[in-house]
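Counting starts at 1 for both ligands and their atoms, in listed order.
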Amino acid sequence: MSFSLQLSHAAPASVESPLLAIVLSQDLSLDDALRAVDVPLAGAMQRSIARRDFRGGRDETMLFVGGETGAQRVLLVGRGSAPLTRAVARRAAAIAARQAGKLGTGAMHIVLAGADADAIEGLALGAAAGSWAYPDLQTQPPEKDRRARLTAVTVIGADTEAVRAGFAAGVAVSAGQAIAKRLGMMPGNVCTPETFVEVGREIATRHGMHMTVLGRAEMEQEQMGSFLCVAQGTPEEPRLVALEYRGGAPDQQPVVLIGKGLCFDTGGISIKPAPEMEWMKFDMSGAGGVMGAMEAIGQLKLPINVVGIIGSTTNMPSGTAVKPGDVVRASNGKTIEIINTDAEGRLVLADLLVFAKRFHPAIAIDAATLTGAIVIGLGANAVGVFGPDKAAVDEVLAAGAAAGEPGWPLPLWDEYKEQIKSDVADLKNTGGRAAGSITAALFLQEFVDGYPWVHLDIAGTAYSQTDLGWIPKGPTGTPVGTFVEIVRARARR
Ligand code: BES
Ligand code: MN
Ligand code: ZN
């Protein structure tokens with residue numbers, strides 16, 4: 001299903017549209033352009049405001065039947081009293097898009113008076129987020145009973161270079177997020193490691209990127225015993241995919257984005273309990289985020305070098321699976337005692353972090369649905385952010401905040417390292433329940449050598465277990481926005 005976004009500089013009152021959405025803050029001010037929309041409505045909009053029926057609160061909506069000409073329907077959407085940011089505009093546009101989806105209008109115009117470039121970007125992102133769906137595996141009702149999906153959104157904005165750039169960014173990032181969300185929604189039998197090869201190839205072809213694919217044999221040659229021990233329980237071919245985008249000078253060190261791509265995580269021999277295990281199809285969200293970010297970066301043609309690396313497999317119990325007590329050797333030579341086969345993400349990432357070094361990263365950022373502990377610690381509202389380098393962590397925190405994917409820092413103190421010392425090997429793959437997200441990050445750090453590094457634990461933020469109002473239950477698109485924001489900010493330097 002195609003979805004298209006357009007930017008228009010037309011006056012809202014002149015727009016012919018099945019639905020015109022108007023985003024208002026709690027101060028409810030209508031400028032002349034918006035008051036003109038009220039003329040064919042015989043002043044209904046202003047009466048609703050005067051009667052305090054519509055108050056502009058966050059997520060509040062009110063629908064008006066339009067006149068003979070212009071907009072066939074007018075939807076007021078509240079954005080509350082918080083300062084206007086990309087995330088605030090995004091949320092309001094998503095609410096509007098979901099309403100359009102329920103009505104079946106097919107197309108929509110949206111306006112937020114005085115929107116700057118960032119707000120315009122938010123409107124584009126939100127319109128795409130609110131209309132996103134994954135209908136592939138469901139039988140559709142007959143045409144006559146069906147409401148049209150929202151497939152065309154026009155954002156009304158000022159005729160300036162900045163607004164055009166903000167809009168273009170919104171289009172690119174939402175395309176990337178659509179890729180990440182689609183992969184995140186796909187069940188484990190549909191999204192396999194091979195899917196990452198296919199999606200990677202499409203992105204590489206579209207944007208002229210160089211792609212490297214490793215399978216089991218190549219990983220054996222690279223001595224990736226850590227990644228491979230996770231993959232030894234599944235007959236599926238594990239895949240490492242690297243995409244190289246070269247938008248900068250040939251000698252410029254790249255930003256390297258790394259993603260955990262577990263197409264399903266049963267826990268392996270240390271098998272997970274059955275309730276909600278189906279959720280573990282989302283365990284490839286870091287890798288999906290890398291793919292989405294590479295698409296967005298390719299679309300934006302950013303003047304910078306970026307490498308995206310994903311490691312994909314499926315964590316299964318079987319006669320060949322790795323078991324607790326086994327010791328494996330990663331590609332940097334370090335030995336790992338497997339305490340719990342369910343701590344598999346860090347084993348995959350270990351070899352990816354060693355692999356990343358060959359690209360001489362200016363910075364490497366990994367994203368992984370790494371620990372249940374981060375879900376307990378930060379819930380669905382903050383990404384766990386870890387790193388030994390304060391400047392790099394601050395850079396990533398700023399990018400996440402701007403992108404509406406806020407993160408929160410956690411410490412990587414040496415004291416915690418005691419928990420991952422092994423009697424038999426260099427390291428244990430788990431450090432017990434206490435500070436589980438921190439010991440996981442400290443484990444990763446053992447495989448980082450010679451480049452600034454930040455780790456994002458997105459286990460709580462990549463997939464929403466409930467309908468959030470502005471987006472339905474399911475994949476959220478995190479961390480695509482953060483990844484792209486980091487790269488955009490560096491491209492501006
Ligand atoms: N993919 C999971 C992390 C996860 C768990 C995300 C629950 C969302 C909800 C990861 O591979 C995992 O299983 N981690 C274990 C580590 C433990 C065995 C040290 C966890 O967090 O329970
Ligand atoms: Mn696991
Ligand atoms: Zn996992």
In terms of side-chain geometry, is the basic nitrogen of [X] or [Y] positioned less than 4.0 Å from the acidic oxygen of its partner?
X	Y	value
Glu198	Arg201	no
Glu395	Arg493	yes
Lys357	Asp449	yes

Starting from the N and O atoms of ligand 1, collect every protein N/O partner closer than 3.5 Å and put each pair on its own line with the distance to 0.1 Å.
| unit_1 | atom_1 | unit_2 | atom_2 | d |
| --- | --- | --- | --- | --- |
| ligand 1 | 1 (N) | Lys260 | NZ | 3.3 |
| ligand 1 | 1 (N) | Asp265 | OD2 | 3.2 |
| ligand 1 | 1 (N) | Asp283 | OD1 | 2.8 |
| ligand 1 | 1 (N) | Asp283 | OD2 | 3.0 |
| ligand 1 | 1 (N) | Thr369 | O | 3.2 |
| ligand 1 | 11 (O) | Lys260 | NZ | 3.2 |
| ligand 1 | 11 (O) | Asp265 | OD2 | 2.9 |
| ligand 1 | 11 (O) | Asp342 | O | 3.1 |
| ligand 1 | 11 (O) | Glu344 | OE1 | 2.8 |
| ligand 1 | 11 (O) | Glu344 | OE2 | 2.9 |
| ligand 1 | 13 (O) | Lys272 | NZ | 2.8 |
| ligand 1 | 13 (O) | Asp342 | O | 3.0 |
| ligand 1 | 13 (O) | Asp342 | OD1 | 2.7 |
| ligand 1 | 13 (O) | Asp342 | OD2 | 3.2 |
| ligand 1 | 14 (N) | Leu370 | O | 3.4 |
| ligand 1 | 21 (O) | Gly372 | N | 2.7 |

So, Gln177 side chain and Thr476 main chain: donor-acceptor pair closer than 3.5 Å or not?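 Side chain of Gln177 to backbone of Thr476: no pair is present.
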
Any heavy-atom pair between the side chains of Phe196 and Leu183 that's under 4.5 Å?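 With C-beta onward as the side chain, the pair touches.
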
For the Zn ion (ligand 3): protein N/O/S atoms at distances below 2.8 Å: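 Total protein N/O/S atoms under 2.8 Å from the Zn ion (ligand 3): 4.
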
Taking every non-hydrogen atom, the tightest pair across Arg239 and Phe227: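 So the two residues come closest at O-CZ, 3.8 Å.
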
What's the shortest heavy-atom distance between Arg488 and Leu302, and which atoms?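 Nearest pair, atom of Arg488 first, then Leu302: CG-CD1, 3.8 Å.
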
From CA spacing to verdict: side-chain hydrogen bond (donor to acceptor under 3.5 Å, both in side chains), Trp453, Asp366: CA-CA 8 Å; Trp453 159 76; Asp366 81 74; 2.9 Å; yes

If you count heavy atoms of other groups shown closer than 6.0 angstrom to CG of Asn381, is the number above 12?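 It does not: Asn381 CG has 12 such atoms or fewer within range.
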
What protein atoms of element N, O or S are positioned under 2.8 Å from the Mn ion (ligand 2)?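 The answer is Asp265 OD2, Asp342 O, Asp342 OD1, Glu344 OE1.
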
Please step through side-chain contact (heavy atoms from CB on, under 4.5 Å) for the pair His207 and Met294, ending with a clear verdict. CA-CA 9 Å; His207 304 295; Met294 295 309 286; over 6 Å; no

Before giving the answer on side-chain contact (heavy atoms from CB on, under 4.5 Å), spell out for Val199 and Arg182 the whole-Å C-alpha distance, their side-chain angles and the decisive distance to 0.1 Å. CA-CA 11 Å; Val199 171; Arg182 187 178 159 75; over 6 Å; no

Taking only distance into account, with no hydrogens and no angle test, what donor-acceptor pairs under 3.5 Å do side-chain atoms of residues 383-390 form with protein atoms, sequence neighbours excluded?
| unit_1 | atom_1 | unit_2 | atom_2 | d |
| --- | --- | --- | --- | --- |
| Asp389 | OD1 | Ala391 | N | 3.1 |
| Asp389 | OD1 | Ala392 | N | 3.3 |
| Lys390 | NZ | Asp394 | OD2 | 2.7 |

Indicate whether any N or O donor in one side chain lies under 3.5 Å from an N or O acceptor in the other, for Thr266 and Asn315.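 Short answer, no.
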
